[in-house]
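Below is one structure, written out as structure tokens; the observations come after it.
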Amino acid sequence: MEVITNHRFWLSLLFGIAILGIKTLVAQKEYNNNAQEKLILSVNAYSFNDLLSARDKSNNEQVYTLFNLIDWCAYNNIKAIDITGYFFPTYPKVPSDEYIEKLRTKAAQSGIAFSGTGIRNNFASPDPTIRAAGVALAKDWIVVASKLNAPVIRLFAGEIPAGYEQKWDEVAGWMIECFKECAEFGKLYGVKIGIQNHGDMLQTAEQCLKVLKAIDSEWAGLIIDTGSFKTSDPYKDIELTAPYAINWQVKESPFGIGNKERTDFDQLIRIIKSQGYNGYLPVETLLVKGRTYDPFTLVTEMIDELRASIVKEYR
């Protein structure tokens, strides 16, 4: 009798494992068949900032390169990278056509798309020469984005300049003119400019939409940084701006770097779905002082959580 009981136990256990495996495969299939056509998960290269910025002291070569990151994404079934400009070895100078071709070929062979790129700029500076330099840099990298087949280039607004804390509209006027010029140039190369709410001049949905509507170009849109709205309920700001999104930066918390309140990915995906966004959905993890930082683990955990929420909401 004991033998029969054990036999039944093991049969039940094996059956349970088989069912769990089937459910996992079905969930993955559901993501691949239903959701992946709507939302393509991506990783922002800035998650690996320390690694990609590190240089070998003997030859000043990068220790970890964008080519390495492509390999890692392919191994982990991450289909796209937001390939931040800072991590090209020549930045702020544009890379050679030979380098661009090698990178593009590597990505294509690995099944990886470039969901976007980005630069450092300051369109909120009171100094017109700094703003002009930012526009020139943006134009250079719009050409690079085009060669990489990246659909979007991320541009910042800029920090609130000292002495202009109560003159938001004046500073926004400078930003708008710069964004307009970049959008017109992007149109020539088939690259949209993505304006990111970075907790700087753009801290609320109202501010983002005011700037975007003033630019009034189909070649400009928002990159929604889910962790940089400085409001009491960031999900409301995300919902208001989502119809104008052309790309994203999904962060660990909606309340900024280091906040312990995790992003509710189910709620985020419901908002994204309800507002009709289709396209790339990059995640970005950030180094927090006092916390051990392992982007390889953090990024894969966020991707897995987001994938589960996507399957749940698009089922």
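Keep in mind the model is a prediction, meaning the values are calculated, not measured.
- Not a single donor-acceptor pair under 3.5 Å links the side chain of Gln109 to the backbone N or O of Ala107.
- In this structure, the side chain of Thr263 engages the main chain of Lys251 through a donor-acceptor pair within 3.5 Å.
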| said: Working note: Leu155 + Ile119, criterion side-chain contact (heavy atoms from CB on, under 4.5 Å); need CA distance, chi angles, decisive distance, verdict. | reply: CA-CA 6 Å; Leu155 302 178; Ile119 62 167; 3.7 Å; yes
*asked:* Let's go through Glu184 and Lys180 carefully: what are the C-alpha distance in whole Å and the side-chain angles of both, what is the deciding distance for side-chain contact (heavy atoms from CB on, under 4.5 Å) to 0.1 Å, and is it a yes or a no?
replied: CA-CA 6 Å; Glu184 283 300 305; Lys180 280 183 175 181; 5.8 Å; no
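- Taking all atoms of both residues into account, the shortest heavy-atom contact from Ile112 to Cys73 is CD1-CB, 3.9 Å.
- Here the side chain of Thr117 pairs no donor or acceptor atom with the backbone of Ile153 at under 3.5 angstrom.
- When atom types are taken as modelled, the side chain of Ser274 and the backbone of Ile271 share a donor-acceptor pair closer than 3.5 angstrom.
- For the side chain to side chain contact (heavy atoms under 4.5 Å, CB included) with Met201, the lone residue among Met175, Glu159, Gln207 that qualifies is Met175.
- With hydrophobic clusters built from ILVMFWY side chains whose heavy atoms lie under 4.5 angstrom apart, Tyr46 shares a cluster with Phe156.
- Considering only heavy atoms from C-beta on, Leu212 stays 4.5 Å or farther from Thr241 through its side chain.
- Annotation: side chain of Phe87 is not in contact with side chain of Leu69 (no heavy-atom distance under 4.5 Å).
- Cluster annotation: Phe114 is connected to Leu39 through the hydrophobic network of ILVMFWY side chains, with a link wherever side-chain heavy atoms come within less than 4.5 Å.
- Remark: Ile257 CD1 is loosely packed, at most 12 non-hydrogen atoms of other residues, nucleotides or ligands lying under 6.0 Å away.
- Of all heavy-atom pairs between Ile215 and Ala220, the closest is CG2-CB, 4.0 Å.
- Every ring-ring contact (aromatic ring centres under 6.0 Å, His included) that Trp174 has, sequence neighbours left out, goes to Tyr164.
- Each of Lys273, Lys38, Arg270 was scored for a salt bridge (charged side-chain N to carboxylate O under 4.0 Å, His left out) with Glu313, with one residue passing: Arg270.
- A side-chain donor from one of Thr65 and Asn68 sits under 3.5 Å from a side-chain acceptor of the other.
- In terms of heavy-atom proximity, Pro161 sits nearest to Ala124 at CG-O, 3.4 Å.
- Of all heavy-atom pairs between Gln203 and Thr231, the closest is O-CG2, 4.1 Å.
- Cluster partners of Ile130 are absent, since no Ile, Leu, Val, Met, Phe, Trp or Tyr has side-chain heavy atoms less than 4.5 Å from it.
- Under the 3.5 Å distance criterion, with hydrogens and angles disregarded, no donor-acceptor pair is assigned to the side chains of Ser115 and Asp82.
- A donor-acceptor contact shorter than 3.5 Å links the side chain of Asn197 to the backbone of Asp225.
- The closest side-chain donor-acceptor pair between Glu305 and Ser309, if any, does not fall under 3.5 angstrom.
- Counting only residues at least two apart or in different chains, ring-ring contact (aromatic ring centres under 6.0 Å, His included) contacts with residues 215-266 comprise Trp248-Tyr277.
- Note on Val43: it clusters hydrophobically with Ile70, by side-chain heavy-atom contacts below 4.5 Å among ILVMFWY residues.
- Take Thr90 and apply the side-chain contact (heavy atoms from CB on, under 4.5 Å) test, not counting sequence neighbours, and it matches Lys93, Pro95.
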Practice item. Verify salt bridge (charged side-chain N to carboxylate O under 4.0 Å, His left out) between Glu61 and Arg55, making sure each step is shown before the conclusion. Key: CA-CA 5 Å; Glu61 295 291 326; Arg55 299 274 179 163; 5.7 Å; no
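- Transitive grouping of hydrophobic side chains (ILVMFWY, heavy atoms separated by less than 4.5 Å) keeps Val250 and Ile223 in distinct clusters.
- Minimum interatomic distance between Ala74 and Ser110 (heavy atoms only, all atoms of both residues): CB-O, 3.8 Å.
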- request: Using the side-chain contact (heavy atoms from CB on, under 4.5 Å) rule, take Ile195 and Phe123 through it: C-alpha gap first, then chi angles, then the decisive distance, then the call.
  value: CA-CA 11 Å; Ile195 301 163; Phe123 291 163; over 6 Å; no
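- Both Leu52 and Ile81 are part of a single hydrophobic cluster, where members link through side-chain heavy atoms under 4.5 Å apart.
- Crowding of Glu165 atom CD: a count of heavy atoms from other residues, nucleotides or ligands under 6.0 Å exceeding 12.
- Here the closest heavy-atom approach between residue Ile142 and residue Cys182 is recorded as CD1-O, 3.7 Å.
- Residues Lys106 and Lys102 are not in side-chain contact: their nearest non-hydrogen atoms beyond the backbone lie 4.5 Å or more apart.
- As a member of the Ile/Leu/Val/Met/Phe/Trp/Tyr network built from side-chain separations under 4.5 Å, Leu287 groups with Tyr293, Leu298.
- Between Asn121 and Val135 there is no side-chain heavy-atom pair separated by less than 4.5 Å.
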Report task. Go through Arg291 and Glu252 one step at a time and tell me if the salt bridge (charged side-chain N to carboxylate O under 4.0 Å, His left out) criterion holds. Result -> CA-CA 14 Å; Arg291 183 184 77 173; Glu252 295 172 81; 3.4 Å; yes
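- Ring centroid separation for the pair Phe67 and Tyr99 comes in under the 6.0 Å cut-off.
- Side chains of Asn44 and Thr84: a donor on one and an acceptor on the other come within 3.5 Å.
- Using a 4.5 Å cut-off on side-chain heavy atoms (C-beta onward), Leu306 and Leu281 make contact.
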Full working for side-chain hydrogen bond (donor to acceptor under 3.5 Å, both in side chains) between Asp127 and Ser125
CA-CA 5 Å; Asp127 185 343; Ser125 172; 5.3 Å; no
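- A salt bridge is absent between Arg154 and Glu284; no separation between the charged side-chain nitrogens and carboxylate oxygens falls under 4.0 Å.
- In this model, no donor atom of one side chain and acceptor atom of the other lie less than 3.5 Å apart for Asn76 and Thr300.
- In Lys139, the NZ atom is crowded: over 12 heavy atoms of neighbouring residues, nucleotides or ligands sit closer than 6.0 Å.
- Glu177 has no carboxylate O lying under 4.0 Å from a charged side-chain N of Arg131, or vice versa, which leaves the two without a salt bridge.
- For Glu206 and Lys210, the salt-bridge test fails: no basic side-chain N is under 4.0 Å from an acidic carboxylate O.
- Listed by first and then second residue, the ring-ring contact (aromatic ring centres under 6.0 Å, His included) pairs that reach into residues 126-151 are Phe88-Trp141, Tyr91-Trp141, sequence neighbours excluded.
- In this structure, Ser253 contributes its side chain and Glu261 its backbone to a donor-acceptor pair below 3.5 Å.
- Between the side chain of Asp237 and the backbone N or O of Thr204, no donor-acceptor pair lies under 3.5 Å.
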